[in-house]
Colleague: 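Mind having a look at this structure? Questions to follow.
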Amino acid sequence: MATSPQRSATVTPAAHPPITSADELRHHHQTFYRYTARPLGEILLEMDAITATQLSDALAEQKISHKRLGEILQDMGATSREQVLRALSERFGVPFVNLRLFDMDPKALACVPPPFARKHLVVPVLLDNDRLLVAMSDPTDTELINMLRFLTGKVLELCIASTEDIAYAISTYYGGQEVQTALDDMAVFTRDEPFHLDANTEEQIGNERPVVQLVQSVIADAMVRQASDIHIRPKEHVVDLFFRVDGVMQKIRSFDKKLLPAVVSRIKIIGNMDISEHRLPQDGRSRIRYMDKAVDLRLSIIPTIRGESVVIRLLDTQFALKNLEQLGFEEQDASKLRHLLTRTSGILLVTGPTGSGKSTTLYTALDHVKKTNVNIITVEDPVEYHLEGITQIQVNASTGYSFARALRHILRHDPDVIMVGEIRDQETAKMAVESALTGHLVLSTLHTNDAATSVTRLIEIGVEPYLVNSALIGVLAQRLVRKNCVHCKEPEPLDRDVRRILGVGDDEVFLRGKGCDHCHGTGVKGRLAVYELLEITPDLRKLIGQDVAADVIEKQAVAEGMTPLTHNALKVAREGKIPLSEVYRVRL
């Protein structure tokens, strides 16, 4: 293979691991900073990141779509974003930097204002005299490069990092600056009781630029860390900011309590709430876009003795749909569940407490059903995720548009599959059962602890046992467990009582995450479902009656092959995916 005229020998991309320090970066610029004319596809082939067939298919697709080759290969699943960035690094002679391990230069960070860095997803990493090294994900964006030259007045040199790493670095290094800027630039009200400000003044401070940027940055940081909730908790002298990530509360920072009235006013403006109301709880909703992603916000404000407390729920409306195996289902159970989804009538229930992943499982199931070209209608409160090809209806309690009323109307819309967000009352339960008995597949959720209890719960709500017997086809009870970070697993120290309660031997070794930069020191990275799947068989139908006990149903289901949830979780722990403490937490 011919070498570039500037190089004395061919250096493969694999020879350049991600750079993690300023000295490595300086050395790279002195030694390897060379442009190569080789096409991106050729470099990816040399890296063994793709095959020749995949490259040929991608090039054919490029002629039609005119998209970038790297994007097409990622969409095909042929390669990862990191491999494409490494290939671009080789092609343009630009270093590839791991920002999660890189010790950032404070002087460099001061060269680019936080709002600009967030908006354009760039971060300065090193300042050497007049040379400023800036990390970006697209080194061909000349317009952005020219803006940075004008903004900084420095000689720019580039390095490549992933979009996720850049957003993480911005969140980590700029967050504290934005709090201080908000304190320095705005007129802060220092009185002990800030709740007596008039509405116009509150709206004014809620719209001041530093406060707007501070609230936007908090929400953006939560999206970067894939948080499900933001908590703003007032204390006596400070306000604590928490994110809930993978079910774990993480303290992000504290800020001066003087900022609380301004921050709360801004959140009320975002959620279309009454700015002047401080004595009653308020709820609101909004939507934000960041990193090409739209996220719905559900905002809740409650007055406390220390000030107003805020919780913001983040719902990724365009979440990446997975298959059942990726959610944590065994191949055999995933196949059984898909078989139930091919039925043309009956009720399939997903049960568990709030935050157990019921909605994600139902949407994954709907995405599978959608491929059979059927008419699917959902009735939800709220509509959490937006899916193409599905009719989604939002119920509205304030206008009397309830689940039951919506169900009555959508039956005239000729649906094949109906998803009811939640069975809460007798009227909804009866409507769902009637829909299932008249030739519709109904998917819904129920708040019960295990699969067997769901059967008796329907009877308790007021559905006749013979109707439950005829309509119910299966129940999936699930919980979400936190996965170990793969970068920092270590043997888990365990209490002997925990081993005894779960029935594991003293010599069995389980793993847990120790905590590292990849998992923000939590030892946890992602979650998966543990579950029990109860399929209603002819023998089980004989047991369903007015006085049936849940443990009788469960005993029969286990005899017919159902794996109890606790046993399923224990199997996952033995594979090293989760710690045994998670099994103890979700055991039934």
Side-chain angles (χ1 to χ4, degrees), residues 228-229 270-273 281-287 294-301 311-319 346-367 369-370 374-438 440-448 454 457-458 460-463 467 471-472 475-476:
S228 60
D229 301 88
I270 291 171
N272 292 316
M273 297 182 230
Q282 293 191 73
D283 293 324
R285 61 180 57 189
S286 185
R287 176 176 286 195
V295 170
D296 276 352
L297 308 177
R298 300 287 184 267
L299 307 108
S300 175
I301 297 177
V311 175
I312 303 173
R313 167 66 58 89
L314 291 87
L315 299 171
D316 184 354
T317 59
Q318 304 291 337
F319 79 125
I347 294 182
L348 176 61
L349 293 174
V350 181
T351 77
T354 301
S356 59
K358 300 186 296 294
S359 296
T360 303
T361 300
L362 278 178
Y363 276 100
T364 305
L366 284 178
D367 191 56
V369 174
K370 188 176 72 172
V374 293
N375 183 20
I376 302 172
I377 301 179
T378 74
V379 189
E380 305 167 67
D381 182 25
V383 175
E384 291 190 28
Y385 306 119
H386 299 177
L387 292 182
E388 287 296 321
I390 291 176
T391 304
Q392 294 176 278
I393 298 170
Q394 167 85 49
V395 302
N396 189 340
S398 61
T399 60
Y401 193 42
S402 63
F403 280 114
R405 187 171 179 183
L407 267 172
R408 275 196 294 273
H409 287 283
I410 65 174
L411 288 175
R412 299 171 194 151
H413 239 66
D414 187 32
D416 298 295
V417 179
I418 301 168
M419 187 186 97
V420 183
E422 184 185 342
I423 293 178
R424 298 176 179 172
D425 51 46
Q426 182 181 15
E427 189 181 9
T428 307
K430 286 190 172 181
M431 281 298 302
V433 168
E434 287 173 20
S435 302
L437 293 174
T438 52
H440 305 90
L441 177 63
V442 178
L443 310 179
S444 189
T445 68
L446 199 63
H447 283 284
T448 57
S454 302
R457 175 70 181 139
L458 282 175
E460 286 168 10
I461 286 175
V463 182
L467 292 176
L472 195 63
V475 183
L476 174 71

Colleague: How long is the straight-line distance from CG of Leu472 back to CG of Leu467, given to the nearest 0.5 Å?
Modeller: 11.5 Å
Colleague: Can you name the nearest heavy-atom pair linking Ile390 to Ile376, along with the distance?
Modeller: CG2-O, 3.8 Å
Colleague: Does any part of the side chain of Glu434, heavy atoms only, come nearer than 4.5 Å to the side chain of Leu407, both counted from C-beta?
Modeller: no
Colleague: By the salt bridge (Lys or Arg N to Asp or Glu O under 4.0 Å) test, which pairs, at least two apart or in different chains, include something from residues 391-407?
Modeller: none
Colleague: Quick one: do Leu458 and Leu349 satisfy side chain to side chain contact (heavy atoms under 4.5 Å, CB included)? Show the steps, please.
Modeller: CA-CA 11 Å; Leu458 282 175; Leu349 293 174; 3.9 Å; yes
Colleague: Quick one: does any side-chain atom of Asn375 pair with a main-chain N or O of His413 as donor and acceptor, under 3.5 Å?
Modeller: yes
Colleague: Are the side chain of Glu380 and the backbone N or O of Gln392 linked by a donor-acceptor pair below 3.5 Å?
Modeller: no
Colleague: Using the test salt bridge (Lys or Arg N to Asp or Glu O under 4.0 Å), find all partners of Arg424 that sit at least two apart in sequence or belong to another chain.
Modeller: Asp381, Glu422
Colleague: Got Leu411 and His440 here, is their nearest side-chain heavy-atom distance under 4.5 Å?
Modeller: yes
Colleague: Quick check: does any side chain N or O of Thr445 sit under 3.5 Å from a backbone N or O of Val350, one acting as donor and the other as acceptor?
Modeller: no
Colleague: At their closest point, which heavy atom of Tyr401 faces which heavy atom of Val395, and how far apart are they?
Modeller: O-CB, 3.2 Å
Colleague: Checking Asp425 against Thr428: is there a side-chain donor and acceptor pair closer than 3.5 Å?
Modeller: yes
Colleague: Do you know the tightest heavy-atom contact between Gly271 and Leu299?
Modeller: CA-CD1, 3.8 Å
Colleague: What distance separates Ile347 CD1 from Leu446 CG, expressed to the nearest 0.5 Å?
Modeller: 10.0 Å
Colleague: List the atom of Ala432, the atom of Val442, and the distance in Å for their closest heavy-atom pair.
Modeller: O-CG2, 3.8 Å
Colleague: Treating Lys358 as the side-chain partner and Ser444 as the backbone partner, does any N or O pair qualify as donor plus acceptor under 3.5 Å?
Modeller: no
Colleague: Does some side-chain heavy atom of Thr378 sit less than 4.5 Å from a side-chain heavy atom of Leu362?
Modeller: no
Colleague: Can you see which heavy atom on Met273 is nearest to which on Asp283, and at what distance?
Modeller: CG-O, 3.8 Å
Colleague: Determine whether more than 12 heavy atoms belonging to other residues, nucleotides or ligands lie under 6.0 Å from atom NE2 of His409.
Modeller: yes
Colleague: To the nearest 0.5 angstrom, please state how far the CD1 atom of Ile410 sits from the CD1 atom of Ile418.
Modeller: 4.5 Å
Colleague: How many angstroms lie between atom CG of Leu443 and atom OG1 of Thr361, to the nearest 0.5 angstrom?
Modeller: 11.5 Å
Colleague: Any chance you could measure Asp296, atom CG, to Arg313, atom CZ, to the nearest 0.5 Å?
Modeller: 12.5 Å
Colleague: So how far is it from Leu476 CG to Thr351 OG1, rounded to the nearest 0.5 Å?
Modeller: 7.0 Å
Colleague: Search all heavy atoms of Ser356 against all heavy atoms of Pro353 and return the closest pair with its distance.
Modeller: OG-O, 2.7 Å
